[in-house]
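Let me begin by presenting the structure, written as structure tokens, before commenting on it.
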Protein chains: 2
Amino acid sequence: MNNSEKKKVTIYSVANEAGVSLATVSRVINDSGLVKQETKEKVEAAIVKLGYRPNAVAQGLALKKTTTIALVVPDSSFLYIGKIINGLLDVAKIYKYNITLHTTSSSINEMSEIIDNIVKSRADGVIIYNESLSKSEGEVLNSFQVPMVYIGHKTTNVSSCNVYVDYSQALYELVGEYLDKGIDDIILVEDRKNPDTINQIISGISRAYEERGKTFDGYVEIPEQYHNSYEFLNKYFSKHKHEVVISMRDSQAVAVLNTCKENGIRVPEDTDVISVLDSRINDMVRPRISSFVIPSYDLGALAMRVMTKMLNGETVKERDYKLNYIYERKASTKN
Amino acid sequence: MNNSEKKKVTIYSVANEAGVSLATVSRVINDSGLVKQETKEKVEAAIVKLGYRPNAVAQGLALKKTTTIALVVPDSSFLYIGKIINGLLDVAKIYKYNITLHTTSSSINEMSEIIDNIVKSRADGVIIYNESLSKSEGEVLNSFQVPMVYIGHKTTNVSSCNVYVDYSQALYELVGEYLDKGIDDIILVEDRKNPDTINQIISGISRAYEERGKTFDGYVEIPEQYHNSYEFLNKYFSKHKHEVVISMRDSQAVAVLNTCKENGIRVPEDTDVISVLDSRINDMVRPRISSFVIPSYDLGALAMRVMTKMLNGETVKERDYKLNYIYERKASTKN
DNA sequence: CAGTAAAATGTAAGCATTTTCAATAATGCT
DNA sequence: AGCATTATTGAAAATGCTTACATTTTACTG
């Protein structure tokens, strides 16, 4: 009726109210200086009086940029993804960027469909978390003429940056310590299929072995057919026993621990268990697991920071940003 | 140099290439019928040839809608939030909506700042997850002239919908069973401060007691000063022992279990432990905890579905959408 | 106080679409 | 063939902003 006719307030309304031209209003909105203090105040008064808020869509059209960046993740329901998102959002906020979220999880969507959607939306940049991009997906992404940063995945895309964790060095140092103590019956339990990732993980371990004239052959791959690692590990530990078991997955850490226990393998008396593990989960587990803590929040924050640099045209000297694990010794290892 | 001059392709380019007017191109893009099959094919050919993708920003301006909805969550690094997001994204995808993510977590942002940002962005709607909205935040939100749906929080905002879980009924039934077996030494452990939420949680329990002529007085509030519930619970269970301990927080479930154990209280022999718990976490715990599983994914999916209805002008008959817990009996309860 | 440089403001042309309305082409009917 | 419809198409206005360029004010200078 009468109170409903919420008159849409545009830059014109404000200009009118303040008795100036819309150009002037635009100038005060964008704080471009060169407007007299007096008129500026008039305009600001009009803005609050009318409750005017610039239409970001129109701005986007006029400026050819949306101050929006697209984030692509495989699935939001992993703790580390959540933390990455937190980091990302916090720095996005600082630089006044909005984030749109896109998943590759549901089978409905090929990466190309998502990218298609993102280019339609004219996001200024895209940040991708993906452990295993297929060749063809990689090519689609390469052809996408927009600043990109990859989290957790090194790529060969020249126009993009990579922010990731240095698995290799962490494992190199840890395994080195064991070897120096004469402990070399170490296995790595993994369910990842992507060769790049696997190689990166194994390379550090192998290097530690090789420098000591030994060879690492403890890679235990969890076969695809097992619908979860629990089942496989239970079977495995009923037959095998090792001095050290390493896993690089949140989801496997506790499985290793429990299946060892269930097969009479004492942790850490018989076997040291080490994993990548979120500390919130670790707090729930007894014994707590000695673990590599991934700086997920920092990954997200850094990725976003790098993105802002790319968008500001600040020269991004380095394409690769390595972050290190923190290793936290807990009760699942003897020392 | 030469390959860089990536000519920007607009609807004009396409019109030109196809030898038609831009109006016609627009018509085929939007599949508005009324264009001859023959020309339609010409246009489509031009589109693929040029690799044209409609500019969603310009569309947004012309159509006065962005097909974007804003999601506000307190913190993305909780499992259930991740699942809510998954559900939301999946149905958003079906209805071709984009999602922008906003956090209230970092101290930097008042809700009003976030809302301000959202209205600038001209999102078509906003979905808010928040366990405890302050009165003033509620008012800011009420004044926001945009379709809203709240997840997990009943509000009095007339122009919005609520999608939430019915804590009350679940607890009513569970506690009723215990009482009928003569077990009435039941406590509820909680760290939430929002009275609405607490009242909702307690009301079901109380009702069960009252219907049997008893009174529930087992509400154990975790004081604010404890930086985590572990510490508090450890102290508590060193002095108290109950027949049944219920918690309604993922984060407390395992803490209850472990602190009981550490204080010589056997679960379930001495005490039944029941909680709200994500099944992925439950799989890591021994004994597994009998728990209410929150349909987080469904909460997100339903919220988004309701939002699409509001945006399509479909009449939304109900303002409240209740979802039920599933109660899963595991090893932490005697039966 | 005229003259000029600098500061402030306004005008109007984009930005890439959609859509109303008018114009044209195609079809059917007699 | 001629006319009335109807199906296609195009022209142009509208969407809400930025900004280059033009114009008007203001402030200085001698």
Side-chain angles (χ1 to χ4, degrees), chain A residues 6-44 46-47 50-68 96 98 117-124 145, chain B residues 6-44 46-47 50-68 96 98 117 119-124:
Chain A
K6 191 88 177 173
K7 200 75 182 147
K8 158 195 48 177
V9 18
T10 73
I11 199 170
Y12 288 96
S13 332
V14 177
N16 210 45
E17 175 75 27
V20 299
S21 81
L22 80 174
T24 302
V25 176
S26 175
R27 285 185 189 108
V28 349
I29 292 168
N30 297 303
D31 208 20
S32 68
L34 29 84
V35 33
K36 212 202 305 184
Q37 183 62 26
E38 188 189 328
T39 42
K40 184 176 176 183
E41 280 161 12
K42 260 194 316 187
V43 171
E44 279 166 349
I47 286 175
L50 270 46
Y52 168 72
R53 330 225 188 175
N55 181 330
V57 177
Q59 291 180 317
L61 186 59
L63 292 173
K64 298 157 164 307
K65 64 175 185 173
T66 52
T67 47
T68 292
K96 310 278 185 196
N98 275 11
N117 178 27
I118 293 175
V119 355
K120 273 189 201 147
S121 79
R122 299 302 193 264
D124 294 337
Q145 302 288 359
Chain B
K6 191 88 177 175
K7 201 73 181 146
K8 157 195 48 177
V9 17
T10 72
I11 200 170
Y12 288 97
S13 332
V14 177
N16 210 45
E17 175 75 27
V20 299
S21 81
L22 78 175
T24 302
V25 176
S26 175
R27 285 184 189 109
V28 348
I29 292 168
N30 298 303
D31 209 19
S32 68
L34 30 83
V35 33
K36 211 202 302 182
Q37 183 61 26
E38 189 188 328
T39 43
K40 182 175 176 184
E41 279 160 12
K42 261 195 312 188
V43 171
E44 279 166 348
I47 286 175
L50 270 46
Y52 167 73
R53 332 224 186 176
N55 181 330
V57 177
Q59 290 181 318
L61 186 58
L63 293 172
K64 297 156 164 309
K65 64 176 185 170
T66 53
T67 47
T68 292
K96 309 279 186 196
N98 274 13
N117 179 27
V119 354
K120 274 188 200 147
S121 78
R122 298 302 193 266
D124 293 338

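Proteins get letters first, then strands, A, B, ... in listed order; numbering begins at 1 in each.
Contact annotation: K64(A) side-chain N/O to dA16(C) OP1/OP2 distance is under 4.0 Å. Phosphate proximity of dT9(D) to T39(B): present, with a side-chain N or O under 4.0 Å from OP1 or OP2. Taking only side-chain nitrogens and oxygens, K8(B) comes nearer than 4.0 Å to OP1 or OP2 of dA16(C). Phosphate contact (OP1/OP2 of dT18(D), side-chain N/O of S26(A), threshold under 4.0 Å): present.
An end-to-end axis angle of 40° holds for the helix from dC1(C)-dG30(D) to dT30(C)-dA1(D), taken from five base pairs per end and rounded to 10°.
S21(B) OG to N16(B) CG: the interatomic distance, rounded to the nearest 0.5 Å, is 11.5 Å. Atom CG of residue L50(A) and atom CD1 of residue I11(A) lie 12.5 Å apart, to the nearest 0.5 angstrom. The CD1 atom of I118(A) sits 11.5 Å away from the OG1 atom of T68(A) when rounded to the nearest 0.5 Å. The CZ atom of R122(A) lies 9.0 Å from the CD atom of Q59(B); values are rounded to the nearest 0.5 Å.
Between the N30(B) side chain and the S32(B) main chain, no donor and acceptor come within less than 3.5 Å of each other.
Nucleotide dT15(D) holds its C1' atom 16 Å from the CG atom of L63(A), rounded to whole Å. The CG-P distance, from D31(A) to dT18(D), rounds to 12 Å in whole Å. Residue R27(A) contributes atom CZ, which lies 8 Å from atom P of dT9(C) at whole-angstrom precision. Computed from coordinates, the I47(B) CD1 to dT17(C) C1' distance equals 13 Å when rounded to whole Å. One interatomic measurement links the two molecules: CD of Q37(A) to C1' of dA8(C), which rounds to 13 Å at whole-angstrom precision. Nucleotide dC15(C) holds its P atom 19 Å from the CG atom of N55(A), rounded to whole Å. Atom pair L22(B):CG and dT20(C):P shows a separation of 15 Å (rounding to whole Å applied). Protein atom NZ of K42(B) is 11 Å distant from nucleotide atom C1' of dT9(D), rounded to whole Å.
Among the nucleotides dG16(D), dT9(C), dT17(C), the one closest to any side-chain atom of T10(A) is dG16(D). In the set dT9(D), dT18(D), dT18(C), dT9(D) carries the atom at the smallest distance from any side-chain atom of K36(B). Listed nucleotides dT9(D), dT18(D), dT9(C) differ in distance to N30(A); the shortest reach to its side chain belongs to dT18(D).
Nearest heavy atoms, R27(A) versus V35(A): CB-CG1, 4.4 Å. Among all heavy-atom pairs drawn from L61(B) and A58(A), the shortest one is CD1-CB, 3.8 Å. Of all non-hydrogen atoms in N117(A) and N98(B), the two that sit nearest each other are ND2-OD1, 3.0 Å.
Annotation: of the two residues near DNA chain D, R122(B) and A23(B), the 5′-most nearest-nucleotide partner is A23(B). Comparing Y12(A) and S21(A) along DNA chain C, the residue whose closest nucleotide (by nearest heavy atom) sits nearer the 5' end is S21(A).
Within the nucleic acid shown, S32(A) has no heavy atom closer than 4.0 Å to any nucleic acid atom. The residue T24(B) sits close only to the backbone: its heavy atoms come under 4.0 Å of sugar-phosphate atoms, none of a base. Within the 4.0 angstrom heavy-atom criterion, base atoms lie near L61(A). Residue V57(B) is out of contact with every strand shown, counting any heavy-atom pair closer than 4.0 Å.
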